[in-house]
Amino acid sequence: MRDYLNRKAYKDMIYYLAAILISSAAVYFAYHLWNVDLRKYPLSYSGDGLNDLVRTKRLLQGGGFAYTSDLVGAPFGASEYDLNQNNYLPVLVKMVLSLFTSNYILVYNLANLSGYVIIACASLYILVKLGVEKKVAVVLAVLYACSPYHFLRAFNHYALGYYLAVPVAVYYIVSMMQGSVLDNKRHYVNWNNLKFLLAMIIVGSCGVYYAFFACFFLCVAGIYILINERNLKRLLEPGISLVFVFGTTVAGYLPTMIYNRLNGENTAALIRQIDDTQTYSLRISQLVLPITNHRISFLAALKSAYNSAFSSNENDSSTLGLVFLVGFVILLLYFWRKRNKEEEIPHLQELASLNLAALIYGSSGGLILIQGLFTSMIRCTNRISIYISFFSCICVGICLSRRIQKKNLRQGLVAAGAAVILIVGVYDQTATAYINYDSLKSAVDSDKAFIEEIESMEAEGSMILQLPIVSYPEAGTVNSMADYSHFIGYLFSDTLKWSYGIVKGRTGSDFYSALKSSDTSAEKIIETAAAMGYTGIYIDTAGYTADEASELREQMTALLGEEPIVSANEDKLYFSLTEYIEENEIEVAWCNFVFTEGIYSKEKSGDSSYRWMEDEGQLEIYSWSEEAREVSLILTIGSPWEEEYSLTLSMEDSEAVYNIEKGSNTCVFDVVLQPGYNTITFSTDAPAKSTETDSRNRHLKLKGYSVE
């Protein structure tokens with residue numbers, strides 16, 4: 001008996017080894033990995049992929065889940081609690097890899113690539129459990145792991161590429177639709193039941209989308225059981241499953257809940273519109289059409305025509321591929337067949353029911369739109385396509401296995417047929433090219449050298465202001481600058497602090513919003529940056545039009561008296577503020593004055609400097625103190641007039657009127673500064689001073705300002 005078990009275990013190991021090798025080879029050739037050094041170049045260097053690369057580095061630097069960092073969002077620091085997606089199992093893979101290397105680029109690449117192997121092995125296990133012949137199961141598991149959905153997600157939506165929850169959830173849902181999955185021996189305390197509960201915890205730990213869809217299918221399973229068995233007791237297992245999946249998901253969000261309790265809920269971090277549920281919904285047409293950039297030219301042209309006629313987004317990844325399309329069609333037809341228990345194929349009725357439910361719920365115009373009336377946070381129902389893909393995968397596997405058994409086919413013929421399916425499937429499911437390595441290497445090499453040069457100039461802990469000001473997360477493309485591009489500063493630096501990365505709606509994000517306005521002058525940017533303690537200004541010229549970038553460069557060069565450092569690809573600039581700060585004796589305070597409306601740029605007369613004020617306007621004081629502070633705002637106002645005039649200052653419920661005489665006048669205004677922006681308005685009855693050479697609306701001079 002022991003020898004038999006050993007031989008069986010050895011044979012099983014061979015099948016898993018085959019799945020590992022074949023999936024690895026498929027990925028190696030699909031990505032052309034012989035063209036890149038995985039230690040130096042991340043296989044995604046823009047958008048969400050770049051954001052995940054940053055999280056990988058932070059994970060290796062900070063340990064744990066690294067929710068916070070003081071190297072981004074400077075000087076306020078940044079926190080990711082608002083963006084928690086409950087992706088604990090995918091993150092765990094990175095943690096394991098970090099035990100063997102501290103190279104965050106290598107960990108990022110290997111974590112994404114290993115997803116193909118892990119999904120292949122998990123799918124193989126489930127397919128065999130559901131009765132699929134092992135050689136067929138190996139091939140179908142590899143094809144499922146190498147689905148078009150995965151190739152779009154990997155290196156872009158890392159956690160979504162780890163859809164381990166899908167085969168696990170489908171196995172137990174199909175099983176409980178057919179009968180009990182719990183073993184009531186010894187009061188339910190046994191290994192079988194522990195595996196079931198562990199499986200539900202896994203489903204709840206791979207991201208909110210897969211958990212949510214699993215809960216939906218569990219509800220479908222409950223309805224199916226009621227219709228077919230009319231036994232309320234049988235709802236116990238779907239109910240327990242819902243409790244554990246939902247409970248695990250909620251537990252995953254506990255850090256966010258605690259953070260929100262202490263710091264207030266942040267509704268601005270992730271904004272989802274109700275019509276997003278239609279925009280990102282599932283399209284049946286995209287399930288059946290070939291992938292974009294198919295290897296066969298006429299299929300590529302067909303998909304290109306579709307994409308030109310109908311706008312596509314991430315739902316373009318819904319393609320099932322030729323092999324699983326066969327299973328999808330069979331399931332649709334099987335649902336309508338006349339029931340005959342003697343001819344019934346195992347699992348297909350359950351799979352057909354789940355498949356149809358997925359289409360009714362997730363397709364454009366489906367039930368997702370009703371759900372959107374209550375919450376649009378779950379909006380991308382195109383992601384349910386990976387469940388549909390596994391339904392189809394099981395269907396193909398079962399049908400082929402039955403054919404093999406009925407015909408009693410030789411193992412050699414089965415292996416040959418499986419090889420043909422594998423080759424056709426991989427060829428059909430993978431595009432001609434996924435990554436332009438020449439462009440990738442050029443961008444990474446240029447950025448890395450540029451950031452390292454900045455780091456060599458500035459002292460450890462120095463803060464860098466990044467332009468243009470863009471919000472985080474999901475700012476979208478700004479001119480030709482891709483989302484999250486500002487993170488390259490943090491990626492290639494270990495000692496500097498970068499301004500980008502404050503989550504929208506949290507402390508400090510509103511400060512950068514003021515600098516974002518298109519009419520913000522280069523002088524104001526420099527003054528603000530220096531007053532806040534930044535020692536340099538980094539500019540990504542892709543975030544501006546060509547004329548805007550050229551004008552900004554010229555203005556800053558003139559104001560600072562030196563040319564910027566330019567990256568090798570000439571797409572990024574850096575101006576050091578060190579000499580400017582020393583020459584102007586600028587001291588960093590806990591608050592910063594921001595001149596907005598009615599106050600002109602700084603001018604000099606001899607050794608003194610001043611700003612002309614209009615008859616009405618406002619100045620803002622940004623406080624990065626975490627508490628309200630009672631202060632005295634001290635303004636030195638200059639008047640060129642012989643007569644006496646008045647100046648009124650007001651802020652919320654406070655107002656004060658001052659008599660302004662010729663020469664310098666000190667105005668002390670007692671106010672309470674709240675954390676963040678504080679707006680102070682002013683008005684004066686002093687007349688305007690105008691000349692033929694200067695038509696500005698000049699009334700009084702602001703010669704000095706401070707807070708005590």
Side-chain angles (χ1 to χ4, degrees), residues 12 119 121-134 136-137 140-141 144 163-186 188-206 210-211 213-246 248 327 330-331 334-335 339 341 344-358 384 386-399 401-402:
D12 289 344
I119 298 300
C121 291
S123 302
L124 172 59
Y125 177 80
I126 297 302
L127 289 170
V128 172
K129 291 277 286 184
L130 290 173
V132 178
E133 201 278 336
K134 290 180 180 178
V136 174
L140 295 180
Y144 181 66
Y163 44 93
L164 177 65
V166 177
V168 174
V170 170
Y171 170 73
Y172 278 101
I173 291 170
V174 170
S175 298
M176 68 179 63
M177 291 169 77
Q178 295 176 320
S180 179
V181 298
L182 290 175
D183 187 346
N184 60 7
K185 295 178 181 178
R186 288 178 293 174
Y188 291 98
V189 180
N190 54 69
W191 176 235
N192 176 75
N193 295 347
L194 288 176
K195 284 195 301 182
F196 165 71
L197 297 180
L198 178 60
M200 295 304 102
I201 292 172
I202 289 173
V203 172
S205 303
C206 290
Y210 298 138
F213 294 146
C215 289
F216 167 74
F217 289 123
L218 284 166
C219 293
V220 173
I223 296 172
Y224 180 91
I225 291 169
L226 275 180
I227 292 174
N228 287 276
E229 301 183 29
R230 297 180 178 87
N231 184 353
L232 290 176
K233 291 182 179 180
R234 286 274 286 114
L235 297 181
L236 175 64
E237 291 173 1
I240 292 174
S241 302
L242 282 168
V243 169
F244 270 82
V245 174
F246 180 76
T248 302
I330 292 174
L331 289 178
Y334 196 85
F335 186 85
R339 296 290 296 269
K341 288 191 175 182
E344 191 165 318
I345 302 174
H347 312 311
L348 257 59
Q349 186 63 40
E350 292 77 18
L351 291 169
S353 301
L354 294 171
N355 187 60
L356 184 60
I384 207 171
I386 199 62
Y387 274 93
I388 295 174
S389 182
F390 198 62
F391 300 154
S392 304
C393 176
I394 298 171
C395 176
V396 172
I398 290 173
C399 291
S401 299
R402 282 176 61 86

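Computed from a predicted model, the values in this text were never measured in an experiment.
- If you take CG on L140 and CD on E133, they are separated by 10.5 Å, rounding to the nearest 0.5 Å.
- Taking CG of L235 as the start and CD of E229 as the end, the distance is 9.0 Å to the nearest 0.5 Å.
- Listed for the Y387 side chain is a donor-acceptor partner under 3.5 Å among the backbone atoms of Y210.
- Rounded to the nearest 0.5 angstrom, L198 CG and F244 CZ are separated by 10.5 Å.
- Proximity of V174 to L351: side-chain heavy atoms (C-beta onward) are separated by under 4.5 Å at one or more points.
- Contact between C206 and L164 at its shortest, heavy atoms only, is SG-CB, 4.4 Å.
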>> Run the side-chain contact (heavy atoms from CB on, under 4.5 Å) test on C215 and V203 for me, step by step, so that the C-alpha distance in whole Å, both residues' side-chain angles and the decisive distance to 0.1 Å come before the verdict.
In response: CA-CA 10 Å; C215 289; V203 172; over 6 Å; no

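- Annotation for L218 and M176: closest pair CD2-SD, 3.9 Å, computed over non-hydrogen atoms.
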>> If you apply the rule side-chain contact (heavy atoms from CB on, under 4.5 Å), what do you find for E237 with Y172, and how did you get there?
In response: CA-CA 10 Å; E237 291 173 1; Y172 278 101; over 6 Å; no

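- Between the side chain of T248 and the backbone N or O of S205, no donor-acceptor pair lies under 3.5 Å.
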>> Using side-chain contact (heavy atoms from CB on, under 4.5 Å), reason through I240 and L197 one step at a time and then give a plain yes or no.
In response: CA-CA 9 Å; I240 292 174; L197 297 180; 4.1 Å; yes

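- In the displayed structure, Y224 atom OH is contacted under 6.0 Å by more than 12 heavy atoms of other residues, nucleotides or ligands.
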Tabulate below the donor-acceptor pairs under 3.5 Å that side-chain atoms of residues 392-399 make, not counting sequence neighbours, or state none.
{"residue": "S392", "atom": "OG", "partner": "F328", "partner atom": "N", "Å": "3.4"}
{"residue": "S392", "atom": "OG", "partner": "I388", "partner atom": "O", "Å": "3.0"}

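- Between the Y334 side chain and the I345 main chain, a donor and an acceptor come within less than 3.5 Å of each other.
- The two atoms that bring A214 and I173 nearest to each other are O-CD1, 3.9 Å, heavy atoms only.
- Nearest heavy-atom pair across V168 and A199 is CG1-CB, 3.5 Å.
- Between F217 and F391, the angle of the ring planes goes over 60°, which puts this pair in the perpendicular group of the 30/60° scheme.
- Residue N355 holds its CG atom at 13.0 Å from CD of E350, rounded to the nearest 0.5 Å.
- To the nearest 0.5 Å, atom CD of residue Q349 and atom CG of residue N228 are 7.5 Å apart.
- Listed here is the closest heavy atom pair of R234 and I225: CB-CG2, 3.4 Å.
- Shown here for V128 and A137, the closest heavy-atom pair between the two residues is CG2-CB, 4.0 Å.
- A donor-acceptor pair under 3.5 Å is formed between the side chain of Y144 and the backbone N or O of I386.
- Note: Y171 OH to Y125 OH = 6.5 Å, rounded to the nearest 0.5 Å.
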